[in-house]
Trainee: 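Just passing along the structure, written as structure tokens.
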Amino acid sequence: MFDDVEPKPDFPALERERLQWWQEHSIVAQYLQRNDAADKRWSFIDGPITANNPMGVHHAWGRTYKDVFQRFKTMQGYKQRYQNGFDCQGLWIEVEVERAHGFSSKLDIEAFGVGKFVEECKARVQRFAAQITEQSVRLGQWMDWDDSYFTNSDENNYAIWHFLKQCHTNGWLYKGNDSMPWCPRCATGLSNMEIVTEGYREMTHRSVYLKLPLIEREDESLLVWTTTPWTLAANVAAAVHPELTYARVRQGDDVFYLSRALIDADSGKSKVLQGEFEIEVELPGRDLVGLTYRGPFDELPALDGVVHRVIEWDEVSEDEGTGIVHIAPGCGQEDFALSKQFDLPVIMPIDQFGTYTEGFGFLSDCFAGDVASPIFDSLKEKGALYRIQDYVHRYPICWRCDSELVFRVVDEWYIDMDGADGEGKPLREHMVDATHKINWIPEFGLARELDWLRNMDDWMISKKRYYGLALPIYPCACGNVDVIGSVDELQERAVEGWEKYEGHSPHRPWVDEVRIACSSCGEKVSRITDVGNPWLDAGIVPYATLDYTHTREAGLWHDWFPADFITESFPGQFRNWFYAMLAMSAVLEQREPFRAVLGHAQVRDEKGEEMHKSKGNAIWFDEAADKMGADPMRWLFMRHNPATNVNFGYAAGDEVRRNLVLTLWNTYSFFVTYANIDGWQPDGAAPLASDNELDRWLLSELHQLIADVTSGLESYETAMPARRVESFVELLSNWYVRRSRRRFWKSEDDGDKQSAYSTLHHCLVTLVKLMSPFTPFLSEELYQNLNSARSGAEDAPPSVHLCDWPDADASAIDETLNDEMRTAMRLASLGRAARSKAGIKVRQPLQCVYVRLPGKPDDDALRRLEQQVLEELNVRELALIAEDSDLLQYDIKPNLPVLGPKYGKDVGKIRAALAELDPLNVVLAAGRGEEIAAGEFTLAPDEVLVTTVEQEGYASAQESGFVVVVDTDVPESLLDEGLAREIVHRIQNMRRDAGFAISDRITTYWQGDDDIRRVLAAHGDYVRAETLSESLEEAPPPDDAHTEQQDVDGHAVTLGVRKQ
RNA sequence: GGGCCAUUAGCUCAGCUGGUUAGAGCGCGGUCCUGAUAAGACCGAGGUCGGUGGUUCGAGUCCACCAUGGCCCA
């Protein structure tokens, strides 16, 4: 016996019970060990999830992919590692810990103690790693959770040391400086990434127009504009666009230059210049290049000796500011880049807290954000001020503390992307080569990554913070730089402080205690205090998790590298994880670190909008798992095209529940109900060879499904397999079971019934195996009740997740049969449409249905379908419509895909000629296989297409050459049958309402008019058999019967049912 | 400024190498089916396939330009 099936279960509750059951029966452990002895391996690398916050529903998308493909490969017998990873170092974590303590600057951290701070960061990571693990388990993700890797591990950090040493050996590691966005409150730089995501706010600043007097041209000035007056003290150049036109204008005693485009040609007015002025000369920007000018603050000691030049720059815009751009390389990114191009001096006016340093006179010791007024006063005093104007713009702010950012030039460490290796090949080229060898899914990933690789600058790997990889770089005052490649090397080279480090993780502050002797001059050298870019931590994972430094020749690393597959959310990863892995792998092994990558887009809310806590449209993973369940969530993600954003929500989840989960559940419930009534048990054998069309067809569809799902998953595709499963479940429920119902409930226990059970059981069990990677909970639920081990067959594994992946048997696939069955469905569908037009319900039997099939009707095929169509439509006979019947009217058209290539421009003439012909004659001729004369052309029968057109006056429906016409003339006898069937329907509903079991025998009481009496006299046996009524009593129902007054097609009937 | 992608029903999206009447799901209205079915079937409403040109016998599909949106880079 199968366990009875709850008809309307609480699916999320079933999932929670199943989690417990898996635990109690050590199923996950058995799964992880299932292929330990296998020869074939499938290597998956899990991209580390940031262990800094709980998991969100957006993580569930990627993690479901990870789980689906690992489960699929497990069932196929591949040995795997099942290792999950956590990203555990970096500024994100520092920020959260700072927040928890209310810290607002690095000074607070220093005061708190770097060691304590780092320990708190580590603890935070542990806490969220545990929470994410728990959530992942709830999602149904099966990994070796006790073997997760953490990027803050010693092994991970030391592997990066090895990598950096290799870079240094190759000459690719260097110290450079760059201008970067800087928060003066936090006293740290921010990456562009941090600014782009949420770092701008609209604000108003006082901008200033000022005059820069040209040295070569007395009494003439450049007019420049800036929104950041504090940077003027660092001005060294003014940029013009060489191709744009500039104007020299006279205004009173002043003569200055600005972009011509800022002066309106018609009105002669300007949005920049106030008052009257006149244009003296127009000239191209290039004519100004090379001139020098007096800077606005040349009197300050820091500006001593600086020559201010006019330079050319193509990025200068002619309609913002004045068309002449103030350049301060110490205070801006583009400015700094120009300083390299034009060899401009770099003046750095402020320290890490945004305060002017010594040498800036009245500005020294002032905060950069507070000096606009004194600067304006000074300019005014010097006669350089032209105008002050409020300016509204989007300005970058610190995403942590909202401070306005400044730009500072700071020393950072870089990996050189264009330095050549021993064979003259730069790192960038190695990465490009590796990128081409990778299978990018979706395909545009390749172009995306290549685009990034072509454009990327050298990799800045340092960050002036506390909790992260300790960069093992030891620069000596003598100019020599030592890089340490392992902990052993550090111990060997240590000349001081090793005892303070020993026993600690390679983090600040402990590792900073160790000093080594310079390999060049022997002086004691300290580590730089910078920590590493966190993408180093993730990029080394394909190496660190495989113990690369120890098993490089043979063993673990050798066996599992490169990974067969990774999958992550695309946004960001091209220049983050994918990039870091490519770079590090190019340095260490000059090859691709993974063979295929599946990227997916982002999770949006149900309306397609970004989820935000503040918008109130965010859905928490725990809540979603609780309300919709993990399986529908997984399915919702897996059925979606990974290239586009998915709209996630409860309505979408409910759709999955209704369409897939419930439909499958009801089919399963149907099977169990009747199998239990009949005492049918699975014996573990293959399904019985059946001569029943429905059984053979369902098996054919099943094997096609296995083939499709398998090939989809083989190519890392889930949407197609998921949709194929959906359509199979639909066919299973709404055609196979619907059409087979009578086979299950008929009273004879014959071979046909046996093969129906055997077929349906086999298909359900196979289906849940195919679905198990997608919906592990539901699949297990069904498998546990259906698998043959329950009836004593020994061969069934204890869990669906320990089963072998089903094999598609090509010989079971009968495409002709599949087509025929689709034709039957189509005829049934058209027949229902025709009945609906005629207003005759299906319960009313009809004498005849006339059909026409496109092409040559195959009599045998028709015979095979006939029974299905007749039963489905409740019709007595099916007749083909004669081609010349007046039930049909035709339209003929040229078969364009055939005629087009053959006749080209003559297609138009053929079309016209065909229009002249009598369609019926053409149809008859084509039916006889004769050629068709159309004007000057002679066409083969297959060069003409025939369609039937709607005939008025018949209850017909048609589609794609299929026509169904129903005979609406209903003889008296059939009307009585219809009435009988209606009564059966009413009694069945009453049985259900009365709560009777399906197999309960009853007595039915009835009272009605003469028509009813006649119908029940003629069709009493039918009614009794259908309703399991031992007898039909024409009598008032007794008090204990379930009784209802019914209006049956206009006849008042009293019906009562009583269990015997 | 450069690159990539998109634009098809109220919403979310299919539409293969150009070919006959452009589809599905959701939502809405109606009818029907059902002792597995909080499911399903049928009917209905809803489209200048972003725009303009071009190639072609024929363009939602190919090409060019433009517009709008998104992503990436500068």
Trainee: Between U34(B) and A41(B), how far is it from one P atom to the other, in whole Å?
Mentor: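 Taking atom P in both U34(B) and A41(B), they lie 15 Å apart.
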Trainee: Output the rounded distance in Å from CH2 (Trp735(A)) to P (A36(B)).
Mentor: 17 Å
Trainee: Picking from G25(B), C33(B), A74(B), which would you name as closest to the side chain of Asp457(A)?
Mentor: A74(B)
Trainee: In this structure, is the centre-to-centre distance between the rings of Trp665(A) and Phe11(A) below 6.0 Å?
Mentor: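 Yes, the ring of Phe11(A) comes within the 6.0 Å limit of the ring of Trp665(A), centre to centre.
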Trainee: With sequence neighbours left out, what residues match His640(A) under ring-ring contact (aromatic ring centres under 6.0 Å, His included)?
Mentor: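 Expected list: Trp61(A).
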Trainee: Below 4.0 angstrom, which residues in residues 992-1002 of chain A have at least one non-hydrogen atom near RNA chain B?
Mentor: Arg992(A), Phe996(A), Ala997(A), Ile998(A)
Trainee: In whole Å, what is the span from the CZ atom of Arg575(A) to the C1' atom of C71(B)?
Mentor: 11 Å
Trainee: Mark yes or no for a side-chain to base donor-acceptor pair under 3.5 Å between Arg843(A) and U34(B), with no hydrogen or angle criteria applied.
Mentor: no
Trainee: Would you kindly give the CD-to-C1' distance between Gln333(A) and A74(B), to the nearest whole Å?
Mentor: 11 Å
Trainee: Apply ring pair (Phe, Tyr, Trp, His ring centres under 6.0 Å) to residues Tyr579(A) and Trp452(A) and explain how you reach the verdict.
Mentor: CA-CA 9 Å; Tyr579(A) 164 68; Trp452(A) 166 249; 5.7 Å; yes
Trainee: Describe the nucleic acid contact of Val842(A) in one word from base, sugar-phosphate, nothing, applying a heavy-atom distance below 4.0 Å.
Mentor: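 Here Val842(A) touches the backbone only, sparing every base.
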Trainee: Can you tell me, in whole Å, how much space there is between the C1' of G23(B) and that of U8(B)?
Mentor: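 Those two atoms are separated by 10 Å.
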Trainee: Where each pair must be Watson-Crick or G-U wobble with both distances under 3.5 Å, what dot-bracket representation of RNA chain B is obtained, with crossing pairs in [ ] and other-strand partners as |?
Mentor: (((((((..((((.....[...)))).(((((.......))))).....(((((..]....)))))))))))).
Trainee: Polar-atom pairs under 3.5 Å, protein N or O versus N or O of nucleotides 57-61 of chain B: list them with distances, or write none.
Mentor:
{"from": "C57(B)", "atom 1": "N1", "to": "Gly904(A)", "atom 2": "O", "distance (Å)": "3.4"}

Trainee: Would you measure the distance from the C1' atom in G69(B) across to the matching atom in A24(B) and give it in whole Å?
Mentor: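 Approximately 25 Å lies between the C1' atom of G69(B) and that of A24(B).
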Trainee: If I pick the P atom on G50(B) and the same atom on A14(B), what distance separates them, to the nearest angstrom?
Mentor: 13 Å
Trainee: For the pair Phe637(A) and Phe648(A), evaluate ring pair (Phe, Tyr, Trp, His ring centres under 6.0 Å) and give the outcome as yes or no after the intermediate values.
Mentor: CA-CA 8 Å; Phe637(A) 288 131; Phe648(A) 183 91; 5.3 Å; yes
Trainee: Quickly work out the Arg454(A) CZ to G3(B) P distance and round it to whole Å.
Mentor: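 So the CZ-P distance, Arg454(A) to G3(B), works out to 12 Å.
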Trainee: Please identify each residue that fulfils side-chain contact (heavy atoms from CB on, under 4.5 Å) with Thr1003(A), with sequence neighbours left out.
Mentor: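 Counting only residues at least two positions away or on another chain, Thr1003(A) forms a side-chain contact (heavy atoms from CB on, under 4.5 Å) with Tyr1005(A), Ser1031(A), Glu1033(A), Gln1060(A).
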Trainee: Taking 4.0 Å as the cut-off, does a side-chain nitrogen or oxygen of Tyr674(A) come that near to OP1 or OP2 on A36(B)?
Mentor: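 For A36(B), OP1 or OP2 has a side-chain N or O of Tyr674(A) closer than 4.0 Å.
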Trainee: Given atom CZ of Arg739(A) and atom C1' of C33(B), what is their separation to the nearest angstrom?
Mentor: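 Atom-to-atom, Arg739(A) to C33(B), this comes out as 12 Å.
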Trainee: Sequence neighbours left out, what passes ring-ring contact (aromatic ring centres under 6.0 Å, His included) with Phe744(A)? Give chain and number order.
Mentor: Phe670(A), Tyr757(A)
Trainee: For A64(B) versus C26(B), give the span between their P atoms, rounded off to a whole number of Å.
Mentor: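 To the nearest whole Å, 39 Å.
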Trainee: How long is the straight-line distance from CG of Leu662(A) back to OG1 of Thr667(A), given to the nearest 0.5 Å?
Mentor: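 Going from OG1 on Thr667(A) over to CG on Leu662(A), the span is 9.5 Å.
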Trainee: Please list, chain by chain and in numerical order, all residues satisfying side-chain contact (heavy atoms from CB on, under 4.5 Å) with Asn676(A), sequence neighbours excluded.
Mentor: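 Result, side-chain contact (heavy atoms from CB on, under 4.5 Å) vs Asn676(A): Met1(A), Phe2(A), Asp4(A), Val672(A).
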Trainee: Please state the P separation for the pair G44(B) and A22(B) - nearest whole angstrom.
Mentor: 15 Å
Trainee: Return the CZ to CD distance between Arg843(A) and Glu982(A), rounded to the nearest 0.5 Å.
Mentor: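 One finds 4.5 Å between CZ of Arg843(A) and CD of Glu982(A).
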Trainee: Round to a whole Å and report the spacing from CD of Glu334(A) to C1' of C73(B).
Mentor: 13 Å
Trainee: Taking any heavy-atom pair under 4.0 Å as a contact, classify Gln988(A): base, sugar-phosphate, or nothing.
Mentor: base
Trainee: Determine whether the side chains of Arg981(A) and Asn874(A) contain a donor N or O and an acceptor N or O closer than 3.5 Å.
Mentor: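 Arg981(A) vs Asn874(A): donor-acceptor pair found between side chains.
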Trainee: Check Asp654(A) with Arg657(A), please: is the shortest side-chain N to carboxylate O separation under 4.0 Å?
Mentor: yes
Trainee: Describe the nucleic acid contact of Trp665(A) in one word from base, sugar-phosphate, nothing, applying a heavy-atom distance below 4.0 Å.
Mentor: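 Answer is nothing: Trp665(A) stays at 4.0 Å or more from every strand.
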Trainee: Considering only atom C1', compute the distance from C57(B) to U52(B) and round it to an integer number of Å.
Mentor: 23 Å
Trainee: What is the separation between atom CZ on Arg604(A) and atom C1' on G69(B), rounded to the nearest whole Å?
Mentor: 12 Å
Trainee: Using salt bridge (Lys or Arg N to Asp or Glu O under 4.0 Å) as the criterion, list what pairs up with Asp1049(A), not counting sequence neighbours.
Mentor: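 Checked Asp1049(A) against salt bridge (Lys or Arg N to Asp or Glu O under 4.0 Å); matches are Lys841(A).
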Trainee: When rounded to the nearest Å, what value does the distance between P atoms of G70(B) and U12(B) take?
Mentor: 14 Å
Trainee: Roughly how far, to the nearest 0.5 Å, is the CD atom of Glu1044(A) from the CG atom of Leu1055(A)?
Mentor: 8.0 Å
Trainee: Atom CZ of Arg991(A) and atom P of U34(B): how far apart are they, to the nearest Å?
Mentor: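 To the nearest whole Å, that distance equals 16 Å.
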Trainee: Where along nucleotides 38-46 of chain B does protein come under 4.0 Å, by heavy atom, of base (B) or sugar-phosphate alone (S), with - for untouched nucleotides?
Mentor: BSSSSS---
Trainee: Going by the side-chain hydrogen bond (donor to acceptor under 3.5 Å, both in side chains) test, name the single residue among Thr663(A), Asn785(A), Thr673(A) that passes it with Tyr668(A).
Mentor: Asn785(A)
Trainee: Shorter than 3.5 Å, N or O on both sides, protein versus nucleotides 11-17 of chain B: list them out with atom names.
Mentor:
none

Trainee: Suppose we screen for side-chain hydrogen bond (donor to acceptor under 3.5 Å, both in side chains). Which residues come up paired with Trp440(A), at least two apart in sequence or across chains?
Mentor: none
Trainee: If the condition is side-chain contact (heavy atoms from CB on, under 4.5 Å), which residues does Asn659(A) pass it with, not counting sequence neighbours?
Mentor: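 Expected list: Glu655(A).
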Trainee: Under 3.5 Å, is there a donor on one side chain and an acceptor on the other for Trp635(A) and Glu726(A)?
Mentor: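 Result is yes, a qualifying pair exists.
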Trainee: Contact class for Thr667(A) vs. all strands (heavy atom < 4.0 Å): base, sugar-phosphate, or nothing?
Mentor: base
Trainee: Closer than 3.5 angstrom, by distance alone: can the side chain of Arg723(A) be matched with the main-chain N or O of Arg639(A) as a donor-acceptor pair?
Mentor: yes
Trainee: When you match Trp452(A) and Ser669(A) each to their closest nucleotide on RNA chain B, which lands nearer the 5' end?
Mentor: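 Whichever sits nearer the 5' end wins; that is Ser669(A).
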